[in-house]
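Scope of the values below: all heavy atoms of this structure, side chains included, with no hydrogens, waters or symmetry mates. No experiment lies behind these values; they were computed from the predicted model shown.
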Amino acid sequence: AVQLVESGGGSVQAGGSLRLSCAASLADISAYCMAWFRQLPGKERERVGSINGYASTYLTDSVKGRFTIARDNDKKTLDLSMNSLKPEDTGLYYCAAAAGRTCFPGNFVHWGQGTQVTVSS
């Protein structure tokens, strides 16, 4: 079974930074869409950012200019660097992998356990 293991969550004050990392047991992560999702309190889960199997990246509007997503194919990791964090970024962050190269919503079949990010004002 595919395993996705997140690390790097924690608590930080507003304006601070965190880096989340996802270690994947996939043989070749470059062949899959890999993404970070988050579940904010009282809201539906949303895709924060992703890198598809063609190396195109996506970031949701609310994090553009603050977050960066990067994939290390050799280490089989997907990182989310988060800067200028805001209290509204507080939530549970999940790593996900799609069944193929594309990042269509229904394509995500593998999920990590999640890591908590808490930003205090």
Side-chain angles (χ1 to χ4, degrees):
V2 174
Q3 289 189 319
L4 302 174
V5 180
E6 302 102 336
S7 61
S11 297
V12 67
Q13 289 191 327
S17 300
L18 286 172
R19 189 174 75 175
L20 307 183
S21 188
C22 171
S25 65
L26 292 163
D28 179 7
I29 67 169
S30 69
Y32 300 90
C33 172
M34 301 287 297
W36 282 99
F37 285 77
R38 67 184 180 185
Q39 182 92 51
L40 305 181
K43 296 188 177 181
E44 293 187 357
R45 185 169 59 190
E46 66 170 344
R47 179 160 48 119
V48 179
S50 58
I51 301 178
N52 68 14
Y54 306 99
S56 293
T57 60
Y58 162 85
L59 287 170
T60 194
D61 286 346
S62 62
V63 307
K64 285 180 180 177
R66 301 188 297 124
F67 291 12
T68 303
I69 191 166
R71 183 175 65 196
D72 188 320
N73 296 331
D74 291 333
K75 294 182 179 178
K76 300 181 183 181
T77 57
L78 180 74
D79 288 349
L80 184 69
S81 296
M82 307 185 293
N83 299 312
S84 302
L85 282 161
K86 304 176 180 180
E88 52 263 44
D89 294 315
T90 294
L92 194 58
Y93 285 67
Y94 297 91
C95 178
R101 293 184 179 273
T102 57
C103 301
F104 297 127
N107 234 14
F108 292 98
V109 294
H110 305 296
W111 295 87
Q113 296 278 39
T115 184
Q116 178 68 32
V117 170
T118 303
V119 184
S120 58
S121 57

Pair V117, M82 - check side chain to side chain contact (heavy atoms under 4.5 Å, CB included), show working.
CA-CA 10 Å; V117 170; M82 307 185 293; 3.9 Å; yes

What's the separation between atom OG in S62 and atom NZ in K86, rounded to the nearest 0.5 Å?
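Rounded to the nearest 0.5 Å, the OG-NZ separation comes to 8.0 Å.
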
Contacts of type salt bridge (charged side-chain N to carboxylate O under 4.0 Å, His left out), residue D28, not counting sequence neighbours:
none

Considering all heavy atoms, the nearest [X]-[Y] contact:
X   : Y   : value
E46 : L40 : OE2-CD1, 3.9 Å
T60 : R47 : CB-O, 3.6 Å
A1  : S25 : O-OG, 3.9 Å

Would you say the side-chain atoms of [X] pair up with the backbone N or O of [Y], donor to acceptor, closer than 3.5 Å?
X   : Y    : value
T90 : V119 : yes
E6  : C95  : yes
N52 : C103 : no

Atom CD of Q113: over 12 foreign heavy atoms under 6.0 Å
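No - once you tally the heavy atoms of other residues, nucleotides and ligands closer than 6.0 Å, there are 12 at most.
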
Tell me whether the count of non-hydrogen atoms from other residues, nucleotides or ligands lying under 6.0 Å of CD in Q3 goes above 12.
no

Please determine whether residues F37 and L78 belong to a single hydrophobic cluster, defined as Ile, Leu, Val, Met, Phe, Trp and Tyr linked transitively by side-chain heavy-atom distances below 4.5 Å.
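Result: no, two separate clusters.
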
Is W36 reachable from V2 through a run of hydrophobic residues whose side-chain heavy atoms are each under 4.5 Å from the next?
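Both belong to a single hydrophobic cluster.
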
Under 4.5 Å between any side-chain heavy atoms of F104 and C33, yes or no?
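They are not in side-chain contact.
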
Under the rule for side-chain contact (heavy atoms from CB on, under 4.5 Å), what residues qualify as partners of A97, not counting sequence neighbours?
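Applying side-chain contact (heavy atoms from CB on, under 4.5 Å) to A97 gives L4, L26, M34, H110.
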
D61 and K64 ion-paired at < 4.0 Å:
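Result for this pair is yes, salt bridge flagged.
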
Verify side chain to side chain contact (heavy atoms under 4.5 Å, CB included) between R38 and D89, making sure each step is shown before the conclusion.
CA-CA 9 Å; R38 67 184 180 185; D89 294 315; 3.0 Å; yes

N/O donor to acceptor pairs below 3.5 angstrom from side-chain atoms of residues 7-24, sequence neighbours left out:
from : atom 1 : to  : atom 2 : distance (Å)
S17  : OG     : N83 : OD1    : 2.8
S21  : OG     : D79 : OD1    : 2.8

For I69, which of L59, V63, V48 qualifies under side-chain contact (heavy atoms from CB on, under 4.5 Å)?
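Single side-chain contact (heavy atoms from CB on, under 4.5 Å) partner of I69 among L59, V63, V48: L59.
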
Between F67 and Y93, what is the ring plane arrangement, given parallel below 30°, perpendicular above 60°, and tilted in between?
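Rings of F67 and Y93: tilted, as their planes differ by 30° to 60°.
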
